Structure formats: structure tokens, C-alpha cells
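Small disclaimer: the values here were computed from a predicted structure and weren't measured. Residue numbering restarts at 1 for every chain, and letters A, B, ... go by the order of the sequence lines.
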Number of protein chains: 2
Amino acid sequence: MRIRDEHKEQIVKQKALELLVSQGFEGFSMQKLARAANVSPATLYIYYRDKEDLVMSIGREIGKQLNQAIFKGFNPEAAFEEGMRVQWRNRANFMLSHELEMTFYEQIKNSTFREAVSADIVAEFKEKMSIFMKNAIEKNEVKAMPIEVFWSVAYAPLYNLLRFHSEGKSIGGRPFVFSEEIMWQTFDLVMKALKN
Amino acid sequence: MRIRDEHKEQIVKQKALELLVSQGFEGFSMQKLARAANVSPATLYIYYRDKEDLVMSIGREIGKQLNQAIFKGFNPEAAFEEGMRVQWRNRANFMLSHELEMTFYEQIKNSTFREAVSADIVAEFKEKMSIFMKNAIEKNEVKAMPIEVFWSVAYAPLYNLLRFHSEGKSIGGRPFVFSEEIMWQTFDLVMKALKN
DNA sequence: TTTTTAAAAGAACGAACATTCATTTATATT
DNA sequence: AATATAAATGAATGTTCGTTCTTTTAAAAA
């Protein structure tokens, strides 16, 4: 029995990401991918059931990686600001070292493949994060609020900074560059908003 | 000379929006649009140069509408919190009354058509907003900070709430519904972050 | 070494794609 | 009423699409 070439499979995955990010969903096709990966179109159907399966598999894999990265070293029993600091550091680290993946992930969340990607991931986030929040509220570190409000104030600014960063352009004239300093400056503002 | 049917043109625009939002860029085609709008494919090429022109025209039009709505009644000389309140109200009003348009606008910003849509819009925002910010800093209402940090803290939470709203689903178990109350609760947190 | 089996390939399929062409239709002007 | 002209059409263009077919290739098992 001929053995599957894992390296070839990796190349397909990588080229798919590159193509999807550079050309968008509308410019992505199985034949282009096959050409880019130096593979027969038929080979793609050994690795994936069809085009949808390919896109969703890659999307789900990135989602899992992201989720895992986010909770690395995160202790739901930790003090509020400390826990939040870990979350910000984890998210920023992952995003800066996986720009291609994150761009694709944002793309897929604004596409018809939306649901499939985020279902499990949201569930895991909810489970771990709600314990952390419950603790913080009980310890009087933060006011009770709908989790959507919390999420929006706590993380949306960070994601937005990173979006400015990877778009390369800015609202101001000079190009915006994300840095540790800017991140923690923003973090302090967010803490000021959330902490009692 | 036969006169152009403006009503028909409107239907094409509306159906294009509906199709793009429900099927995504990858599921959108000129032939599908023609069928949905009860029009010959050739007619689309009377209204638009090609597919790209169609998508971008619609995107740009929404961008202009959004920008106009945002600055309605906005006075750059106003006090910081008051000015921000106008901005939040304007943005929320527009988004809630143009959900389809906003979904499409988010889609296009995460696609290859990105640049073309936001160029002018960002320029106008920068011009008007920088005066407002300069005033607020001089009046000691808010600390100086990079405009990207300001934007991320000031508006990203609002956009994120509205995203939760239109996704219909939530992090929590119950479906999330955007409301005036939740909006101003979030606004207060953001003000706490930004104001001196 | 031979057999077995799945990986991989290349050519091919009909379907759908963006766009154009030749023609018809409706209206404003003469 | 006749003419001019741009709107609108349906059919057709060649191209690319996703996917499958048949065949070849490579490695594990015999």
C-alpha cells in the first residue's frame, strides 16, 4: 500500500490559506489550488470530501489552535486583572505569529461558512470564561453585566488594534504598527472601564 | 429614446445586496442576480461595467450613506461625552435600520475589494474626528493617545455588540438582543475608560 | 519477489460562469 | 406619424468551475 505524503498534504493546506487570503473566497478554486500546490485536482479529493469540506476543515483547525492558545496558562481562579492580562498576551501572541491564519479566520466568520467554524469554539470559551467572570463578580472586582457587553468592551479593542496592524494602513497618516507599548496602553484603558 | 427604468435599477441593487449577504461572494453570480431581479444578464452590463464594478459601486454607496449618517448633528466643538454620544446614537441608528447593508459592508471589508471601499471614507472620518479629538485633549477631557487606540476603545465595542445582535446568537445561552439600555450601559463603560 | 492497496495523476465531464452580440422595444424628438 | 436612440432582451460565446473517471505509481504485506 502506498503511504500518504503528509508533506504534500501540508503544502496543500498552506497554499489554500495563501490563496484564500490573497484572492478571497470569490477568487479561490480547486484548480487554482491544485496548480499552486503542484498537485493534481483529483488529489485534493483524497484529502477532502469537497471544496466546502476543505475550507471548513482549515477554518476549524485554525479555530482550535486559536482557542488552545487563548487559554494557555489561564487560571479561571486568578484575579481579574491578572487573568485578563494573560488573555490579552495570549491573543496578541497568537495573532502576531499567525497573521495569515487570523485574516482567513476573520474572512470565514464574515462568510456563509460562519456557523460551522465557531460553534464548538464559542462553547468552550463560554464554559471557561463564565467561571472566571463569576469569580470576579463575587470578589467585587468587576460589576455584573451581560457577557456580550463584557466581551465587547474587554476584547473588541484588542482585535481592532490588530486589524489596524495587519491592514498596514491607519486612520492617521503614518502607518500603524502594533507594539507591546500600545497594547498595554489600551489594556489599561479597558481595565479602567471594567474594574470597580 | 427609450428612458431608463430607475425602478428596475433599484430592484437590481436590492437583490444584489440580498444575494451577496445570503450566499456570500463565493455564491454570487451575475446570472443568479439577473434571475433574482427578473432582468436579462445583459441589462446588468448597462448599469455596471462588470461584476467588480457592481459590487464596488454598491459597497461605496453604503459607505457614503454610513459616513453621512455618522456625522449627522455632530459638532466637532461639542464637549467630549456629548460628541461621543451623538456618534454612538448615529451609528446605532444606522446599523439597526440597515442591517443588510451593514452585513454586506463588513463582508466587503474582509474581502479583496477592501481598499476601494474605505479609502475616501476613512479620509473624511479622519478629518472631522481629529478636530474633535484635538479639542477634547486641549480641554483636558481626555488623554492624548494614538488615534487607532482611541478608535479601538471608543467604537469597537459598539460594533461588536451590533455584530452579536445581527448574528442572532450569543456567547450566553439566550439569544442576544441589542437594546438602548445595553447600548448606554456599554457607552458608560467606554466613557469611564476614555475620560480623564 | 509478487501481490495488494491506497495514493496520486491527468484527462475529461457537464454545469455554471462573466460577458457580448444581434435584435427588439419603448420613449423623446422631429 | 415617422425617426432616432438608448434601454432591454434572449441566445450564444469561450472559459473556468467542481468533481469524477481511468490509469499509473509507490510502498506495505505476503
Side-chain angles (χ1 to χ4, degrees), chain A residues 1-61 104 107-108 111-114 116-117, chain B residues 1-61 104 107-108 111-114 116-117:
Chain A
M1 182 186 75
R2 190 170 175 181
I3 207 165
R4 187 181 292 196
D5 186 341
E6 313 273 1
H7 176 61
K8 191 169 284 185
E9 214 181 330
Q10 251 342 96
I11 289 178
V12 165
K13 236 184 267 184
Q14 179 63 26
K15 290 288 172 192
L17 249 172
E18 289 174 14
L19 263 178
L20 279 161
V21 166
S22 69
Q23 316 256 22
F25 284 108
E26 73 278 10
F28 175 82
S29 80
M30 297 299 261
Q31 321 223 34
K32 280 187 192 167
L33 173 56
R35 220 172 298 125
N38 251 311
V39 145
S40 162
T43 305
L44 302 176
Y45 290 84
I46 296 171
Y47 300 153
Y48 303 99
R49 200 179 333 105
D50 52 26
K51 188 174 128 167
E52 182 177 329
D53 182 47
L54 185 151
V55 172
M56 302 233 296
S57 294
I58 295 178
R60 262 194 296 266
E61 190 178 324
F104 173 67
Q107 263 178 46
I108 208 175
S111 80
T112 45
F113 303 108
R114 211 166 312 156
V117 173
Chain B
M1 181 186 77
R2 189 172 179 180
I3 206 165
R4 187 181 291 196
D5 187 340
E6 312 274 0
H7 176 62
K8 190 169 282 185
E9 214 181 329
Q10 256 332 104
I11 289 177
V12 165
K13 236 185 268 185
Q14 178 63 26
K15 290 288 172 191
L17 249 171
E18 290 174 14
L19 263 178
L20 279 161
V21 166
S22 69
Q23 316 256 25
F25 284 108
E26 72 278 10
F28 176 81
S29 80
M30 296 301 259
Q31 323 224 34
K32 279 187 191 167
L33 173 56
R35 218 174 297 125
N38 250 312
V39 144
S40 162
T43 305
L44 303 176
Y45 289 86
I46 296 171
Y47 301 153
Y48 303 99
R49 199 180 332 105
D50 52 26
K51 188 173 128 168
E52 182 176 329
D53 181 48
L54 186 152
V55 172
M56 302 234 296
S57 294
I58 295 178
R60 262 193 297 265
E61 191 178 324
F104 173 67
Q107 262 177 47
I108 209 175
S111 79
T112 44
F113 303 106
R114 212 166 311 153
V117 173

Choose from [options] the nucleotide whose nearest atom is closest to any side-chain atom of [X].
{"X": "B/I46", "options": "D/dA8, D/dG18, C/dA7", "result": "D/dA8"}
{"X": "A/Y47", "options": "C/dC17, C/dA8, D/dG18", "result": "C/dA8"}
{"X": "A/Y45", "options": "C/dT19, D/dG18, D/dA7", "result": "D/dG18"}
{"X": "A/A42", "options": "D/dC21, D/dT9, C/dT19", "result": "D/dC21"}
{"X": "A/K8", "options": "C/dA8, C/dC17, D/dC17", "result": "C/dA8"}
{"X": "B/M1", "options": "D/dA7, D/dG10, D/dA6", "result": "D/dA6"}
{"X": "B/M30", "options": "C/dA9, D/dT19, C/dT19", "result": "C/dT19"}

From CA spacing to verdict: side chain to side chain contact (heavy atoms under 4.5 Å, CB included), A/F28, B/E26: CA-CA 8 Å; A/F28 175 82; B/E26 72 278 10; over 6 Å; no
Whole-Å distance between [N] [atom2] and [X] [atom1]?
{"X": "B/Y48", "N": "C/dA18", "atom1": "OH", "atom2": "C1'", "value": "17 Å"}
{"X": "B/I3", "N": "C/dT29", "atom1": "CD1", "atom2": "C1'", "value": "13 Å"}
{"X": "A/F25", "N": "C/dC17", "atom1": "CZ", "atom2": "P", "value": "18 Å"}
{"X": "A/I11", "N": "C/dA8", "atom1": "CD1", "atom2": "P", "value": "11 Å"}
{"X": "B/K32", "N": "C/dA15", "atom1": "NZ", "atom2": "P", "value": "16 Å"}
{"X": "B/Q31", "N": "D/dC17", "atom1": "CD", "atom2": "P", "value": "15 Å"}
{"X": "B/H7", "N": "C/dT27", "atom1": "NE2", "atom2": "C1'", "value": "18 Å"}
{"X": "B/D5", "N": "C/dT24", "atom1": "CG", "atom2": "P", "value": "22 Å"}

Any side-chain N or O of A/T43 less than 4.0 Å from the OP1 or OP2 oxygen of C/dA9?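 Affirmative; the distance criterion is met.
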Does C/dA8 have OP1 or OP2 sitting under 4.0 Å from an N or O in the side chain of A/S40?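 Checking A/S40 against C/dA8: no side-chain N or O falls below 4.0 Å of OP1 or OP2.
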B/Y47 side chain near B/V39 side chain, heavy-atom distance below 4.5 Å: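 No, too far: nothing below the 4.5 Å cut-off.
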Is a donor-acceptor pair below 3.5 Å formed from side chain B/R2 to base D/dA7, judging by atom type as modelled?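 Under the 3.5 Å cut-off, the side chain and the base do form a donor-acceptor pair.
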To the nearest 0.5 Å, how far apart are CG in A/L44 and CG in A/L33?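 One gets 5.0 Å once the value is rounded to the nearest 0.5 Å.
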Which distance, rounded to the nearest 0.5 Å, do you find between the CD1 of B/I58 and the CZ of B/F113?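 One finds 11.0 Å between CD1 of B/I58 and CZ of B/F113.
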Contact class for A/F28 vs. all strands (heavy atom < 4.0 Å): base, sugar-phosphate, or nothing?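 Sugar-phosphate contact only.
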Given that A/V39 and B/K51 both sit by DNA chain C, which one's nearest nucleotide is further toward the 5' end?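 Looking at the nearest nucleotide for each, A/V39 comes out on the 5' side.
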Going by distance alone, is a donor N or O of one side chain under 3.5 Å from an acceptor N or O of the other, for B/Q14 and B/E18?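 Judged by distance alone, the side chains do pair up.
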